[in-house]
Amino acid sequence: MALIAATMVKREDGDLGLCRGFRLPSILEGEGDRVLRPPICASKLANLEMACYIFPVQTMSHRKVPHRISLLIRNKTQSFQSDSHAKQSTLLIKAYLDNGLLKQARQLFEEMPERDVVAWTAMISGYTAYNHHNFAWMMFKDMMRESCDHPNAYTFSSVLKACKGMKSLSCGAISHGLSLKHGLVGSSIYVDNALLDMYATCCISMKYACSMFQEIPVKNQVSWTTLITGFTHRDNGVAALQVFQQMFVEEAEKSAYSFSIAIRACAGITSYTYGTQIHASVVKHGFGHNIPVTNSLLDMYCKCNHFQEAENCFNEMIQKDDITWNALIAGYQNSNPIKSLQLLSQMELHGCPPNHFTFSSIITACTNLSVLTCGQQIHGKIFKIGFDQNLPLANSLIDMYAKSGNIEDSRRVFLELANRDLVSWTSMMIGFGSHGYGNEAVRLFNQMVDSGIRPDTIVFMAVLTACSHAGLVNEGLNYFKLMIEKYKIIPNREIYACVVDLLGRGGRVDEAYDVIQSMPFRADESIWAAFLGACSRSPHGKPNLGALEVLDLKPRKTGVYVLLANMYASQGKWGDRAEMRRLLNESGNKKVAGRSWVEVHDRIYSFVAGDGGGSLEPLIYQVLIVLGLHMVEQIQVSQL
DNA sequence: AAGTGTTTGA
């Protein structure tokens with residue numbers, strides 16, 4: 001294949017220009033623009049002085065649609081002529097892949113008369129780099145079928161990364177077998193580490209990962225970090241820290257990576273004690289100004305509720321990145337949502353653009369703040385930046401609007417979503433449920449199943465709660481059955497609590513009691529609280545069931561005593577009521593009074609039952625009277 | 001000719 005090369009130079013404006021030789025035929029110009037302009041960014045060009053176009057002569061015809069324009073970025077020190085044709089093509093493939101041009105890379109690859117391991121491996125790792133793990137695996141399968149060339153350590157480390165990406169243990173095990181066959185296990189640390197990582201990611205337990213780790217003849221920093229990461233991501237912080245400790249015992253060299261993940265493990269188990277110890281070690285090892293390390297320290301202090309130390313970390317950091325800001329914003333989202341909002345504006349003032357992580361925390365902060373106008377402003381901002389189709393964000397907006405009492409806007413966000421995931425549906429169902437729209441929630445559940453999404457435990461909790469609040473007892477029971485029989489989901493405590501609540505509120509107290517007795521585990525105080533709560537709210541009586549059982553548990557929830565006290569009071573059993581009050585005082589806990597609040601103009605008015613809401617009191621009672629009149633009217637209309 | 005592992009949310 002004859003090739004024509006034209007030399008390209010970097011123009012003053014940073015773009016590429018045609019230097020000498022010939023103009024591109026007009027038919028190629030469009031293609032040239034498309035292929036060349038987007039992938040070449042100024043940073044890529046900074047250390048490249050020269051680039052070459054190569055394209056087959058036959059495509060020079062003006063009439064024929066060009067087959068391809070290939071872009072070759074070369075370092076000027078490299079000699080162009082000395083490379084073989086296969087090497088040139090592989091280089092081109094690399095250049096395409098580096099610039100995200102997967103289709104062009106694939107086409108060039110398909111057209112290569114002979115493909116060597118390097119070309120195959122480049123394709124596999126290219127697909128993996130862009131998260132097309134399935135394509136990477138298909139490439140590998142094709143390679144094993146077609147190629148007489150042997151896969152090497154590079155190939156297997158890429159393939160195993162694809163298996164990790166697919167979370168496929170079977171593919172991983174096949175790759176393990178093949179890499180053993182090619183003698184690469186125990187001889188290449190890259191393959192060994194990739195295998196370790198694959199088993200740590202794809203298996204339910206860490207058993208295989210641990211034995212893989214044992215078999216690595218000479219472990220390096222990566223091996224240790226990968227093992228610790230496996231435990232940490234599995235929420236086994238204790239085991240992760242044991243491995244980290246073992247690194248000290250064996251005097252293995254520590255890296256910033258191993259410190260970051262170990263600190264994350266501390267955060268996961270909220271161990272301030274280990275966290276501070278590791279902090280000291282971080283400083284000793286000279287990682288005190290490493291950004292990921294200090295970011296995870298900052299996060300750890302937040303998760304351990306040591307905000308002063310988190311602030312210290314933050315202030316002492318010489319360099320901050322978006323994660324630094326996000327970690328602190330996320331840290332304050334529950335305990336001090338106003339602080340989160342203040343940090344957001346500071347973040348922007350420092351020229352650090354917020355991303356979807358930031359907004360996710362900020363929406364939670366707004367939800368906690370229950371100030372609808374704040375949430376609306378943030379929503380506007382999200383829309384302006386174009387994050388409104390970001391699923392996690394949209395899902396938290398659905399939740400925020402619902403919790404702020406604005407179910408219409410909650411629904412609007414839901415409807416405007418082009419794609420919905422399980423969380424979107426669940427959030428919407430919970431929103432409908434809490435607003436008393438049980439039928440809407442049920443309808444949504446059916447729509448969700450029709451759209452091909454498989455419900456999980458939390459979805460069923462949402463449906464059961466919605467049914468319970470809307471008095472749809474039989475529907476709820478049907479869903480409980482559906483969950484067990486069709487979806488083979490084993491009900492947990494929360495689900496049983498929902499069913500008990502459903503039956504109790506519906507006045508079917510005996511059935512609720514039977515459910516509690518037939519549960520595969522002993523009822524805890526939460527289940528009894530659900531039972532007593534539901535029964536006391538129902539006018540159907542018989543609430544004495546379960547009272548003695550729950551007292552046996554010596555519950556720590558103050559609500560349980562309050563429920564029982566109110567129950568006895570309603571029956572005129574004043575002696576028993578006094579006993580409950582005594583137990584409540586004895587427990588030393590105080591029941592926190594439920595608070596209501598309302599946003600009027602730019603002020604929040606908060607009040608508990610009986611205190612009247614301060615300056616708003618006359619207004620609240622006026623609204624209440626009007627609402628009462630509306631209700632009476634509605635009842636009269638429905639009785640007509 | 002080509003490399004591995006870390007930090008922020010739900």
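Proteins come first, then strands; the chains are lettered A, B, ... in the order of their sequence lines, and each starts at number 1. Values below: all heavy atoms of this structure, side chains included; hydrogens, waters and symmetry mates excluded.
- Between A/Tyr332 and A/Phe307, the gap from one ring centroid to the other is short of 6.0 Å.
- Nearest to the side chain of A/Val118, among B/dA1, B/dT8, B/dA10, sits B/dA1.
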Anything under 3.5 Å between a donor and an acceptor, one on a side chain of residues 377-384 of chain A, the other on a protein residue two or more places apart or in another chain? List them.
residue	atom	partner	partner atom	Å
A/His379	ND1	A/Tyr401	OH	2.8
A/Lys381	NZ	A/Glu348	OE1	3.0
A/Lys381	NZ	A/Glu348	OE2	3.1

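- Residue A/Ser396 is out of contact with every strand shown, counting any heavy-atom pair closer than 4.0 Å.
- Set against B/dG5, B/dG9, B/dT6, the side chain of A/Val222 has B/dG5 as its closest nucleotide.
- For DNA chain B, the neighbouring residues in residues 240-264 of chain A, judged by any heavy atom under 4.0 Å, are A/Ser255, A/Ala256, A/Tyr257, A/Ser260, A/Ile261, A/Arg264.
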Identify every side-chain donor-acceptor pair in residues 240-253 of chain A under 3.5 Å, counting partners at least two apart or on other chains, and give the distances.
residue	atom	partner	partner atom	Å
A/Gln246	NE2	A/Glu250	OE2	3.1

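- Going from atom CZ of A/Phe287 over to atom P of B/dT7 covers 16 Å, rounded to whole Å.
- Shown here are the side chain to side chain contact (heavy atoms under 4.5 Å, CB included) partners of A/Cys210, two or more places apart in sequence or in another chain: A/Met206, A/Leu227, A/Phe231.
- Proximity note for A/Tyr154 (side chain, C-beta onward) versus B/dG3, B/dG5, B/dG9: the nearest is B/dG3.
- Under 3.5 Å, the side chains of A/Thr358 and A/Asn326 contain a donor-acceptor pair of N or O atoms.
- In this structure A/Asn395 satisfies the side chain to side chain contact (heavy atoms under 4.5 Å, CB included) test together with A/Leu391, A/Ile398, A/Leu417, A/Asp421, A/Val423, A/Ser424, A/Ser427, sequence neighbours excluded.
- Closest to the side chain of A/Lys164, from the set B/dA2, B/dG9, B/dG5, is B/dG5.
- Rounded to a whole Å, the CG atom of A/Leu297 is 12 Å from the P atom of B/dT8.
- For A/Ser157 against B/dG3, a side-chain N or O and a base N or O form a donor-acceptor pair under 3.5 Å.
- Pairs engaging residues 305-330 of chain A under the salt bridge (charged side-chain N to carboxylate O under 4.0 Å, His left out) rule: A/Glu311-A/Lys339 [sequence neighbours left out].
- Summarising the geometry, the separation between CG on A/Leu393 and C1' on B/dA10 is reported as 10 Å, rounded to the nearest angstrom.
- For the residue pair A/Asn193 and A/Asn220, a side-chain donor N or O sits within less than 3.5 Å of a side-chain acceptor on the partner.
- Across the protein-nucleic acid pair, A/Lys219 atom NZ and B/dG5 atom C1' stand 16 Å apart, rounded to whole Å.
- When rounded to the nearest whole Å, the span between CD1 of A/Ile291 and C1' of B/dT6 equals 13 Å.
- The residue A/Gln221 sits close to a base: some heavy atom pair falls under 4.0 Å.
- In this structure, A/Trp224 forms no aromatic stack with the base of B/dG5, since the conditions of centre separation below 5.5 Å and plane angle below 30° are not both met.
- Pairs passing the side-chain hydrogen bond (donor to acceptor under 3.5 Å, both in side chains) check and including a residue from residues 151-166 of chain A, sequence neighbours excluded, read A/Thr121-A/Thr155, A/Asn152-A/Thr155, A/Lys164-A/Asp197.
- Distance A/Phe387 CZ to B/dT8 C1': 14 Å, rounded to the nearest Å.
- Listed nucleotides B/dA2, B/dA10, B/dG5 differ in distance to A/Pro392; the shortest reach to its side chain belongs to B/dA10.
- If you check every strand for non-hydrogen atoms under 4.0 Å, A/Asn152 touches a base.
- Contact annotation for A/Asp299: backbone-only contact, meaning every heavy-atom pair under 4.0 Å involves sugar-phosphate atoms and none involves a base.
- For the residue pair A/Arg106 / A/Tyr96, no side-chain donor-acceptor distance below 3.5 Å is found, with atom types taken as modelled.
- Distance from the side chain of A/Ala153 is smallest to B/dG3 among B/dG3, B/dA2, B/dG9.
- Spacing between atom CG of A/Asn290 and atom P of B/dG5 amounts to 16 Å, rounded to whole angstrom units.
- Contact between the side-chain N/O atoms of A/His233 and the OP1/OP2 oxygens of B/dT7 is found at a separation under 4.0 Å.
- When the P atom of B/dG9 is taken as reference, atom OH of A/Tyr332 falls 15 Å away, rounded to whole Å.
- Looking at residues 340-358 of chain A, you'll see A/His356, A/Phe357 sit with a heavy atom under 4.0 Å from some atom of DNA chain B.
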Tell me which donor-acceptor pairs under 3.5 Å the side chains of residues 255-263 of chain A have, and how far apart each pair is, sequence neighbours excluded?
residue	atom	partner	partner atom	Å
A/Ser255	OG	A/Tyr257	N	3.2
A/Ser255	OG	A/Ser258	N	3.3
A/Ser258	OG	A/Ser255	N	2.9
A/Ser258	OG	A/Ser255	O	2.8
A/Ser260	OG	A/Ala256	O	2.7

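- Phosphate proximity of B/dA10 to A/Thr364: present, with a side-chain N or O under 4.0 Å from OP1 or OP2.
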